[in-house]
Undergrad: 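Mind having a look at this structure? Questions to follow.
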Amino acid sequence: MGKFLLRRMLWLIPVILVVSTITFVLMHAAPGGPWDRDLSARQVDPVTQKMLNEYYGLDKPLWRQFTAYLIGDTNSKGKFICGLICGNLGPSYRQRGLTIQQILFMPPEEKSIIYSRFGYSMRLGVYSLLFAILIGIPAGVLSALKQNTMTDYISLFIVTIGISVPNFVMAIFLIIIFASTLHMVNIVPRSWDEVSVWVLPAVILGFGTMARTARLTRASMLETMRQDYIRTARSKGLAERVVIVRHMIKNSLIPVVTMLGPALAGLVTGSFIIETMFGFPGMGRAYVTAIGQRDYSMIMGTTLIYAVLVALANVSVDMIYVFLDPRIRLE
Amino acid sequence: MTTQVSHPSTGQTQAHIANLTMMTVKPRSLWQDAWSRLIKNKASVIGMVVIVIFTLLAIFASVIAPHNPLQINSGKGFTPPMWIPVGPNGVPADPNFIFGTDTLGRDVLSRTLYGARVSMTVGFLPTFIIIFVGTIVGLFAGYRGGRIDNLLMRITDVVYAFPDLLFFIIVMVTLRQTPIGQMMNGLFLLFSALAVVNWVGFARIVRGQVLSLKEKEFVEAARCIGATDSRIMFRHLLPNSLGPVIILTAMSIPGMIITEAVLGYLGLGLIPSTNPKDFFITSWGASMLEGQTAINAQPWLLLLPAIAVSLVVLAFTFLGDGLRDALDPRLQGTQ
Amino acid sequence: MRSKLFVFVSLLILASFVLSACQPTAATPVVETVVIEKEGQTIVVTATPAPVVEEVETPTLRVNLGSWPDIIDPQKSSFVNEIAHLKMMYEGLTTQDAELTTVPGAAESWEYNDDATELTFTLREGLKYSDGSLLNAKRFEYSIFRNVDPATAGEYASITDDIAGAKEWRYAEDTTLPELREGLQVKALDMAGNACTDYEQVDCRILKIGLAQSAPYFHTVMSLWVTFPAKEELIAEGGDIWWTSSKFHVGNGPFVVKALEPYVRGFFEPNPNYWAGVATYNLEFRYITDSAVSFEAYKNNEFDIIGLAAEDLATVQNDATLNAEANIYPGSCTFAVMFHQLKEPFTNQKVREAFAMALDRETWVADVLKGLGSPTLTWIPKGFPGYDAEENRWGFDPAAAQAALAESGYTVNNGALLDPTGAAVDMIDTFSDTPRNRVRHEWLVAKFKDVLGVDIKLNPVESTTYTAMTKDITTAPQMFILGWCADYPDPQNWLSVYWKTGAFGERIGYSNPDLDAKLAEADSTIDPDARMVLYADAQRMLTDGAPVAFMWNNVNAYMVKPWVKGIVQTPQDAGWPGDVAPLSITIDTSMIP
């Protein structure tokens, strides 16, 4: 087991190398650069651009910028700046003065780390995953057990909404219903320390995952219910409850878990749309705006954080496989 | 990563005998059988009908649409649907426009009909590519295990490691101005990006299924009677692992449609056309985006495409459920 | 079995980690929720638990500013929302009043020498920072030096290039040479005329600025945020990220920043030491980008001031209460259809005239902008010094447009534009791709087709690609819409900064030696009236050649709750209405429901 984990973690290094190379090539191939700003105002003048490029090493050849990002390089003042291997995700070209790790992990005004952008996204991601699992799996199980009844159809209806209505549409509808009409929550949270203000964003963010979980659980349950060992378990005279929980549910969770792993990484890195609509201070906006701003380090940084999260999620999935199905073994 | 039980190949004679026995009990193919069961399922027939209708609407949009979708009617922006006398913005309804108009006074119904073309294509085409590639890769990786599994799964690790949206955006931004980016009003690039990112999900699901299935008794049994690897994979493992694949397909289609909308939001969607004779003019995603900002003025701009997407998804869910039941070999001959 | 146990335990650890990460949410209740039952309606009011002493609570003005600023550093910022923050915390030597006239700010007076090559400011007596410390001319000297210093690499560094020595320093090969720094003609002096020694010197109230050439508009430039006197020692203490903490923003503006939470809120309290008086309310900025959500929040009384989107305008106008709360007035930008002067067919003046006259600006404003804009035929917008109300050339006139096209030698055949030799010219309209721009350009090409019969292809481009493209004369598209928003209200900023050869107008290949000469003359004329006449001539000269089709001016559109009184509207308002005179705003707490 330990060896397995170690090997998977070591695998992360080539994965990160490949991911960062592809990202690096693609983003530098995109036209424009970090100093191309909103057109209706004064542009950064050429001299200043030259200074900035020198300062950030953007005037160096691309391969050198790449190695500078990964390993490090001397800056214009001759000081060596260590790169990714020291955990330095590079300077932001837009929020000048800040490094990417400061933007994502440094909380404002000396608060605790959970108030950083990563912290906020992490919390919202975990809440929405909990919502997805706690509603999705029971809904899926229930509609499989009561296939083709009213329960099944109601759950199908909700699930269809969850899959086919985009986030931005659902958000505006829920805001109009729960905030504008019923006045149950504020649209603009006075503070993110209240629990109630997390409900709407978490539900909207997790709704799609919940719907997928429910559908997949239902399908997988139906599959499992027809297996011979279920018939065997029943004929052994096991209580129906034991059959359902220990045999059916446990065995039908494999595809669900496979899907939830990467979904977790997606939820934790946040959502551009939720964050824009609720003014949520997470990191989901960071990577979308970074591309438009050609904030190269931010693009790289968020991609790599996501890559690591996905890898961690997938390792956990593999470990949960073992727990769910003893025939699967990890070497 | 998974233990590999090796089975010494049984003698050729035995295989021959097995084949002979098979032939005598096989009057219909698996697929013919599945089809006959599928068309007995009411819900999936409804699903199929809806999909066919939408496909026809998309193809013949130019004939069905009451108006030219690009016709700008000055002064008629945000007209409410015909059954509401006066909209919240004070504009009276116009019986010419059943579902009202958008910001430039263009007919919402006609635009939604034309939108079906882009959105149905965006939903279907990449999904088919993805299923094909993902299923085969997952099947091989799961079944063969060992080095092939490792290699394929590491490739999927790399693809997976990209945040989807970031990958789409960066590809679109970089290649938009190239000839590839301009093909099919930019849709070709979109398809490719969607396919590159999404096949991994299918591959992993299929692999997960195969991993648990291949240790099952019926696979052992098939091996014992000397079935070839490809036979085991395509006749035994594939149909048994299709359940989640079909579910995922039904969910992936709206996913694609919505991704197109979100990319439109970020300025990377379909390249709009100015010629009403063009095939791709607007998309449901684009209409929904426009509708979201205009929710107070003209909600139908949002509702009509949203209802259309939901119908397509529902149809696919029904069809998917039916397909899964139909393909389940354990039900063979029971219905 | 053992490995199974291990997995289970590790999962438990993971779960406990996740849970502990969530814990402080519940553990530190800083805010309490009060539910009040009123007229059958439940209103949720949240309030910070106040100390036991009962005081009259200062009301808070809640403004939705849209997007969170990328950087809040006076010498590095350049965006509207960044400046909106800076303007509350700091004040420049001069400032603007409601008529956009430059009036004294931190300086009580200023004077030019005879040929306007030297500008001398005298600071107000007893100026203080919000923490009570002294603010003398040395502080402003530092800020201007910091802005010019190439090591700062400020985005607006070029705006102070008129100062003698600034260009030399910024353009030098080795920018670290001490003589370059010494060459910058900005000096803080005491009342006797000697150089100041330090930040503690009380009678250091004179700031002398030497200019490279006559620049009688330069006192207006000194109202910009680039001169805002952030404290050197705090910038040093905070390092590169000093601007992220409110504690390092000790300023001289009407407000003091108390909290800066990225993407959540910026909170400001009145500055007790502000020379002009103390505001009667706290100010809170919020950052909701989505206009539909922000409009819902406004209707729900969660905001006092929001920006109004075009989509919601009709809904507002149809509702008497909301309509009374709408503040709609001219803005500071002019937009025009740019024609690339060096690319076919716009090399031909008659073609440019034809396209300019084919543009129905009234319908554009009604259809596309939903009334949030005003059509224009000239460059400097209404409300700005130098506006030309008489200009009426190249207005919408389909017949004249067709005639001009016929005269140009270009012909139209079945939608294709043919040049005089009969070769087809590709017509492409390029724009930055956003849902809003799509609608705009679909309208534009449809209308050109209606009037001139020419098919124009749409070419949506990702926004930064578009910026990069339009910046360069060779890659700039044949035809695109572009605007210019004033940095400061002076015709020089509209005409010389934009249309002189080598300035921004160069991207469309515009270069007119006669105009250059006229502008050079105007820029160095000291008599204000004579100056204005010269700029008026220059503006007409610009329109003579129809280089672009002037199209519309933006309007500022905000919703303001009725209990917010005393808003002073100016075209220059960008972040929120009234930021030009925040002290005149009061909140009538008795009206708040």
Side-chain angles (χ1 to χ4, degrees), chain B residues 68-80 86-91 102-106 169-170 172-177 181-182 185-186 261 263-276 278 281-282 285-298 301-302, chain C residues 290-293 295-296 299 309-319 322-323 360 362-364 366-371 415 427-450 455-466 468-469 475:
Chain B
N68 172 353
L70 294 172
Q71 176 64 47
I72 294 168
N73 296 296
S74 292
K76 287 204 183 285
F78 291 143
T79 307
V86 178
N89 51 357
V91 179
D102 74 353
T103 171
L104 293 183
R106 296 173 296 194
I169 300 171
I170 206 161
M172 298 293 275
V173 167
T174 309
L175 301 176
R176 193 88 188 275
Q177 297 311 113
Q182 302 283 327
N185 286 29
L263 286 175
Y265 186 69
L266 301 169
L268 296 163
L270 174 82
I271 298 172
S273 166
T274 48
N275 185 350
D278 277 356
I281 286 186
T282 179
S287 302
M288 282 196 272
L289 279 171
E290 234 186 280
Q292 193 262 339
T293 48
I295 181 105
N296 284 297
Q298 222 298 42
L301 199 49
L302 171 65
Chain C
D290 191 281
S291 63
V293 174
F295 188 56
E296 288 301 324
K299 288 194 284 186
E311 290 83 4
D312 296 324
L313 181 67
T315 312
V316 167
Q317 284 170 339
N318 199 35
D319 179 314
L322 286 176
N323 197 25
D360 184 356
E362 301 280 342
T363 315
W364 162 269
D367 269 8
V368 179
L369 306 180
K370 302 285 165 209
M427 295 297 294
I428 297 166
D429 175 26
T430 307
F431 60 96
S432 158
D433 194 358
T434 62
R436 199 158 276 165
N437 273 349
R438 279 175 175 237
V439 172
R440 291 180 170 191
H441 289 264
E442 281 167 0
W443 184 96
L444 189 68
V445 299
K447 294 294 171 178
F448 276 141
K449 166 98 181 166
D450 281 355
D455 278 327
I456 303 172
K457 279 200 207 97
L458 287 174
N459 181 28
V461 173
E462 186 265 343
S463 61
T464 307
T465 310
Y466 177 74
M469 217 172 163
T475 54

Undergrad: How far apart are the closest heavy atoms of C:W443 and B:I72, and which atoms are they?
TA: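 Looking at all heavy atoms of both residues, the closest pair is CA-CD1, 3.5 Å.
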
Undergrad: Quick one: are B:S74 and C:K447 in side-chain contact, heavy atoms under 4.5 Å?
TA: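 Contact flag for B:S74/C:K447 side chains = yes.
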
Undergrad: Starting at CD of C:E442, measure out to OG1 of B:T282 and round the result to the nearest 0.5 Å.
TA: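 Here the interatomic distance stands at 7.0 Å.
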
Undergrad: Quick check: does any side chain N or O of C:K370 sit under 3.5 Å from a backbone N or O of B:T103, one acting as donor and the other as acceptor?
TA: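 Checked: pair present.
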
Undergrad: For B:Q71, I'd like to know if atom CD has over 12 heavy atoms of other residues, nucleotides or ligands within 6.0 Å.
TA: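 Check passes, neighbour count above 12.
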
Undergrad: Could you tell me which portion of C:D450 (side chain, backbone, both or neither) has an atom closer than 4.5 angstrom to a non-hydrogen atom of chain B?
TA: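 Looking at C:D450, nothing touches chain B.
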
Undergrad: Select one option (side chain, backbone, both, neither) describing which atoms of C:D312 are under 4.5 Å from chain B's heavy atoms.
TA: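 The side chain, not the backbone.
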
Undergrad: Got a salt bridge between B:E290 and C:R438, using NZ or NE/NH1/NH2 to carboxylate O under 4.0 Å?
TA: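 The answer is no: the pair does not qualify as a salt bridge.
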
Undergrad: Measure distances from B:A294 to the heavy atoms of chain C and classify the residue's part below 4.5 Å as side chain, backbone, both or neither.
TA: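 Backbone plus side chain of B:A294, per the 4.5 Å heavy-atom cut-off to chain C.
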
Undergrad: Measure distances from C:L313 to the heavy atoms of chain B and classify the residue's part below 4.5 Å as side chain, backbone, both or neither.
TA: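 It is neither, since no heavy atom gets under 4.5 Å.
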
Undergrad: Would you say that B:R106 contacts C:V439 through its side chain, given a criterion of any heavy-atom pair below 4.5 Å between the two side chains?
TA: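 They are in contact (side-chain heavy atoms under 4.5 Å apart), so the answer is yes.
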
